[in-house]
**Student:** 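There's a structure below that I have some questions on.
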Amino acid sequence: MQLEDVQRVTVLGAGNMGHGIAEVAALAGYDVSLRDINDELVQKGYDQIEWSLGKLAEKDRIGGDEADAALDRVEAFVDLGDALDGADVVVEVVPEKMAIKKDVYDEVVEHAPDEAVFVTNTSSLSITELSEVTDRPERFCGMHFFNPPVRMDLVEVISGKHTSEDTLELIEGLAESMGKTPVRVRKDSPGFIVNRILVPLMNEAAWIVESGDADIETVDSTTKFDMGLPMGSFELADQVGIDVGYHVLEYMHEVLGDAYRPCPLLGEKVEAEDLGKKTGKGFYDYEDGDGAQIPSDAIDTGVRRRLLAVMANETAGLIGNDVADVDDIDEAVKLGAGFPDGPAKLADAEGLDSLVETLDTLAEETGEARYEATDYLREAAESGGFRGGDASGAGDAGDAEGGADYEVLNVAVDERVGHVEIDRPHRMNTISGEVLDELADAIDRLDDDDEVRAILLSGAGDRAFSAGADVQSMAAGGADPIHAVELSRQGQQTFGKLEESDKPVVAAIDGYCLGGGMELATAADMRIASERSELGQPELDLGLLPGWGGTQRLARIVGEGRAKEIILTADRYDAETMADYDFVNEVVPDDELDERARELAEQLAGGPPIAQKYTKRAIHAGRTDNEAGLEVEAMGFGHVMNTDDLMEGVTAFMGDGEPEFEGK
Ligand SMILES: C/C=C/C(=O)SCCNC(=O)CCNC(=O)[C@H](O)C(C)(C)COP(=O)(O)OP(=O)(O)OC[C@H]1O[C@@H](n2cnc3c(N)ncnc32)[C@H](O)[C@@H]1OP(=O)(O)O
């Protein structure tokens with residue numbers, strides 16, 4: 001079956017994941033049959049889809065018509081035969097018990113069309129074992145969505161032992177058509193990629209506390225504020241459900257051996273039914289206490305190294321056993337678990353050599369199997385890291401003209417325009433330290449490149465130009481004032497490079513342009529925005545202030561009164577209002593932004609570079625001293641008088657032609 005043959009997707013199970021997957025499939029234009037075992041359950045799932053589509057429309061993520069059309073495509077069923085009628089792909093999302101799933105497949109094979117492809121949304125069970133109870137193991141694979149499917153980009157596409165390449169390609173294509181990022185898991189190994197990293201991390205956090213080496217607060221403070229992960233390890237366990245992690249761990253223990261022996265601390269919580277947020281109490285108390293209150297200053301480097309060492313070992317296990325390659329692992333964990341960087345990159349940055357040493361020491365002290373470094377980890381450490389000593393992790397990412405590869409930017413030069421796109425759409429193109437580093441490098445290169453005559457800035461995807469500083473990675477600075485001052489200076493200087501560039505800079509704003517993202521756009525010479533864009537400086541709502549030049553640059557553009565209004569209210573403004581405030585030069589329909597921004601950038605790239613340079617310099621010099629500005633203007637005027645560009649401009653004017661300026 002080819003992707004274009006897929007018309008009907010049948011989703012078996014209308015629970016949390018089931019109705020979410022059904023919604024995503026309907027939004028992608030597929031007809032959807034949603035089935036559960038009784039009217040009440042299936043109706044509940046259907047109502048959830050209706051509610052969620054309504055929310056998306058309310059937030060302008062989709063149009064009202066689109067929401068209605070998606071809902072129209074969903075039909076609810078209790079009868080399995082009816083639900084499977086005409087199915088091209090069957091997505092099974094029934095409870096995570098092998099026996100239940102097998103029973104379902106026993107029935108499904110009786111009713112499903114012969115050519116239908118089967119996928120299971122298990123998060124850890126064996127794809128091979130499940131495929132073998134069906135009549136089509138080669139047309140069977142895992143399709144693991146993350147919760148909630150409508151928001152999470154990642155889909156792990158897992159090959160069973162019998163799965164054909166065609167099936168994997170079809171399901172990857174299906175995931176892409178639903179707007180998701182599929183990551184292939186080549187082997188059916190417990191936990192696949194994301195859970196294989198997260199669950200042992202949770203287990204190790206518990207073992208650290210169990211052994212008395214640190215307390216819960218220290219482990220969580222280190223995880224969140226030192227390693228920069230989105231949550232503390234115990235906070236994560238509470239969020240996911242301690243029982244959920246525990247059962248995955250038990251399964252890993254059973255299949256993969258002693259290295260995955262669950263820490264008794266987890267078992268005790270499961271026994272006591274303190275399962276985390278869903279029961280009101282887990283490692284933290286959400287009912288009678290304040291929930292997960294994690295101190296930002298209880299960081300312990302020993303805890304960090306231990307958690308990173310275990311994570312590195314798991315990563316190595318996945319690569320060494322050919323389950324997935326390093327880039328896919330990093331991508332999957334970033335998208336599926338919200339890590340700022342993937343585990344391989346985090347481990348490389350720490351130094352694999354030292355992590356191997358940590359494991360060896362722990363193995364010697366405790367004799368525990370989970371500290372036995374895998375052969376692949378040792379090999380990777382010897383060759384300088386997972387990426388052979390390239391700690392930037394750039395690998396094959398990005399392809400910038402001028403010889404630089406970037407991890408979080410796309411940089412390309414075309415028609416004399418150097419285009420810099422922040423490429424973190426899954427995190428709203430937020431600005432991390434890495435984005436700042438790469439921006440500084442890219443701007444320097446484009447500035448030095450004579451082929452480049454204008455710079456265009458944008459954000460990948462259609463949700464955000466940039467939602468500002470990555471608060472999570474900022475928090476990883478551990479509330480250290482000195483670090484914060486340096487971070488502020490780094491942003492000011494990086495954005496200052498754009499402002500000071502001799503070349504005209506255009507910011508193409510589509511979607512959210514907030515906080516540090518707006519400060520970046522403020523450093524451009526011109527701003528063009530799509531109608532749907534929302535702009536603002538929400539820092540004060542976070543108890544912060546705009547620290548990347550916002551207090552200075554914004555006032556120059558919109559005047560002090562408006563700048564104070566924007567910063568002090570922390571409100572969000574639509575593009576039209578920001579055009580009225582003179583911040584945005586032009587507002588265009590959403591689907592015309594890319595073309596119009598490029599047109600403007602190319603127009604500026606065709607201008608006379610020397611005159612442009614002195615124009616920018618004179619305007620900037622005049623900010624604090626009008627006389628100085630006029631002096632630069634006069635000097636610039638003198639400089640251009642003796643240029644070929646002047647001759648070219650005047651000749652073209654006389655002859656009614658288009659000038660070809662060369663900057664000479
Ligand atoms: C010196 C400079 C300082 C600063 O720049 S401070 C930061 C200033 N910026 C902000 O305060 C904006 C914060 N973000 C938001 O208010 C909202 O987000 C949006 C309005 C942009 C979008 O809202 P919605 O459509 O409901 O999406 P969502 O679920 O909130 O966001 C999607 C994912 O993006 C992450 N995210 C958004 N903004 C940031 C950020 N600034 N730092 C880190 N992560 C961010 C979220 O957490 C979430 O992630 P998950 O899907 O993993 O839950």
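As the structure lists them, so they are numbered: ligands from 1, and atoms in each ligand from 1. In this text, all values refer to a predicted model and were calculated from it rather than measured experimentally. Residues take their numbers from the sequence shown, with the count starting at 1.
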**Student:** With the threshold set strictly below 4.0 angstrom, can you tell me whether any protein non-hydrogen atom sits that near atom 34 (O) of ligand 1?
**Tutor:** yes
**Student:** Any donor-acceptor pair under 3.5 Å linking the side-chain atoms of Gln490 with those of Asp437?
**Tutor:** yes
**Student:** Kindly state if atom 18 (O) of ligand 1 has a protein heavy atom within a strict 4.0 Å cut-off, that is, under 4.0 Å?
**Tutor:** no
**Student:** Hey, which atoms in ligand 1 end up nearer than 4.0 Å to a heavy atom of Arg463?
**Tutor:** 24 (P), 25 (O)
**Student:** Strictly under 4.0 Å, does any heavy atom of Gln537 approach an atom of ligand 1?
**Tutor:** no
**Student:** Tell me which one of Ala467, Pro425, Ala337, Pro148 gets a heavy atom nearest to atom 12 (C) of ligand 1.
**Tutor:** Ala467
**Student:** Using 4.0 Å as the upper bound for N to carboxylate O, is an ion pair formed by Asp330 and Lys345?
**Tutor:** no
**Student:** Of all the atoms in ligand 1, which lie at a distance below 4.0 Å from a heavy atom belonging to Arg427?
**Tutor:** 43 (C), 44 (N)
**Student:** Going by the atom numbers of ligand 1, which of them fall below 4.0 Å from some non-hydrogen atom of Met428?
**Tutor:** 22 (C), 27 (O), 31 (O), 32 (C), 34 (O), 37 (C)
**Student:** Quick one: do Asp582 and Arg562 satisfy salt bridge (Lys or Arg N to Asp or Glu O under 4.0 Å)? Show the steps, please.
**Tutor:** CA-CA 10 Å; Asp582 291 334; Arg562 287 293 186 208; over 6 Å; no
**Student:** Measure the distance from atom 11 (O) of ligand 1 to every protein heavy atom, then report the residue, atom name and distance (to 0.1 Å) of the closest one.
**Tutor:** Pro538 CG, 3.5 Å
**Student:** What are the two closest heavy atoms between Lys269 and Leu275, and how far apart are they?
**Tutor:** O-CD2, 4.1 Å
**Student:** Starting from the C-alpha separation in whole Å, work towards a yes-or-no answer on salt bridge (Lys or Arg N to Asp or Glu O under 4.0 Å) for Lys334 and Glu331.
**Tutor:** CA-CA 5 Å; Lys334 281 197 289 182; Glu331 171 92 342; 5.1 Å; no
**Student:** Among all protein non-hydrogen atoms, which one is nearest to atom 2 (C) of ligand 1, and what is the separation to 0.1 Å?
**Tutor:** Ala469 CB, 3.6 Å
**Student:** Looking just at side-chain N and O atoms, do Thr181 and Asp153 make a donor-acceptor pair shorter than 3.5 Å?
**Tutor:** no
**Student:** When only distance counts, is Lys59 in polar contact with ligand 1, meaning an N/O pair under 3.5 Å?
**Tutor:** yes
**Student:** Is atom 43 (C) of ligand 1 less than 4.0 angstrom from at least one protein heavy atom?
**Tutor:** yes
**Student:** Relative to the heavy atoms of Leu514, which atoms of ligand 1 are at a distance of less than 4.0 Å?
**Tutor:** 12 (C), 21 (C)
**Student:** Check this for me, if you would: do Asp60 and Arg532 make a salt bridge, where the nitrogen-to-carboxylate-oxygen distance has to be below 4.0 angstrom?
**Tutor:** no
**Student:** Just to confirm my output: which protein heavy-atom neighbour is closest to atom 6 (S) of ligand 1, and how far is it?
**Tutor:** Leu542 CD1, 3.8 Å
**Student:** For Gly547, counting its heavy atoms only, list the atoms of ligand 1 lying under 4.0 Å from any of them.
**Tutor:** 1 (C)
**Student:** Distance under 4.0 Å to a non-hydrogen atom of Arg572: what atoms of ligand 1 satisfy this?
**Tutor:** 20 (C)
**Student:** Distance to 0.1 Å, residue and atom name: give those for the protein heavy atom nearest to atom 40 (C) of ligand 1.
**Tutor:** Thr430 CG2, 3.4 Å
**Student:** Could you tell me the residue and atom name of the protein heavy atom closest to atom 50 (P) of ligand 1, and the distance to it rounded to 0.1 Å?
**Tutor:** Arg151 NH2, 3.3 Å
**Student:** Which of the numbered atoms in ligand 1 are under 4.0 angstrom from any heavy atom belonging to Val471?
**Tutor:** 7 (C), 40 (C), 41 (N), 42 (N), 43 (C)
**Student:** Mark the output for Glu534 as yes if a heavy-atom distance to ligand 1 is under 4.0 Å, and as no if none is.
**Tutor:** no
**Student:** Within ligand 1, which atoms have a heavy atom of Gly468 less than 4.0 Å away?
**Tutor:** 5 (O)
**Student:** Would Glu519 count as a contact residue for ligand 1, given that I'm defining contact as a non-hydrogen atom of the residue lying under 4.0 Å from a ligand atom?
**Tutor:** yes
**Student:** Run the numbers on Asp525 and Lys616 for salt bridge (Lys or Arg N to Asp or Glu O under 4.0 Å), then give the verdict.
**Tutor:** CA-CA 9 Å; Asp525 297 307; Lys616 278 186 76 169; 2.8 Å; yes
